[in-house]
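Worksheet: the structure to be examined is printed underneath.
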Amino acid sequence: MTDSSLHAAQPASSRTSARALAEAIDVPSSFVWLFSALVIGLLVYYFVGIDQGATSVFGNDMHIHEWVHDSRHFLGFPCH
């Protein structure tokens, strides 16, 4: 099949809506959402997987560790 026959197989409305969708994506806004999701994901990863002992932000306080203790084991993080 040639490229023109592929376009002929699709209705004109689907080609138009795909083009409109591609033009409607706002790249700076998408970057803000992606960066925000990355920061939140890294914070969750830190508090669930790493926050204990010498790397703890809160010093020798184990409240965060105990609060997410079962999640740590479920996700495969060793903690003792």
Side-chain angles (χ1 to χ4, degrees):
M1 275 188 179
T2 64
D3 190 40
S4 61
S5 65
L6 288 174
H7 286 297
Q10 295 177 346
S13 63
S14 70
R15 287 193 308 251
T16 305
S17 64
R19 186 175 301 126
L21 177 64
E23 293 173 4
I25 295 174
D26 184 25
V27 174
S29 176
S30 299
F31 179 74
V32 170
W33 280 102
L34 180 64
F35 183 74
S36 300
L38 176 70
V39 169
I40 290 170
L42 288 173
L43 284 172
V44 168
Y45 179 77
Y46 173 78
F47 282 114
V48 171
I50 302 173
D51 185 53
Q52 69 177 10
T55 62
S56 178
V57 171
F58 304 105
N60 203 15
D61 187 16
M62 296 296 283
H63 284 96
I64 300 291
H65 173 85
E66 293 301 327
W67 189 58
V68 296
H69 187 260
D70 292 335
S71 302
R72 295 171 68 91
H73 289 296
F74 179 73
L75 295 171
F77 289 100
C79 64
H80 46 89

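Values below: all heavy atoms of this structure, side chains included; hydrogens, waters and symmetry mates excluded.
Connection of Phe74 to Trp67 is established within a shared hydrophobic cluster, with ILVMFWY side chains joined at heavy-atom distances below 4.5 Å, either directly or through further cluster members. Leu75 and Leu42 fall into different hydrophobic clusters, defined by Ile, Leu, Val, Met, Phe, Trp and Tyr side-chain heavy atoms under 4.5 Å apart, directly or through other members. With hydrophobic clusters built from ILVMFWY side chains whose heavy atoms lie under 4.5 angstrom apart, Val39 shares a cluster with Val44. Trp33 and Leu43 fall into different hydrophobic clusters, where Ile, Leu, Val, Met, Phe, Trp and Tyr side chains are chained together by heavy-atom contacts under 4.5 Å.
From Phe35, atom CZ reaches atom CD1 of Ile40 across 10.5 Å, with rounding to the nearest 0.5 Å.
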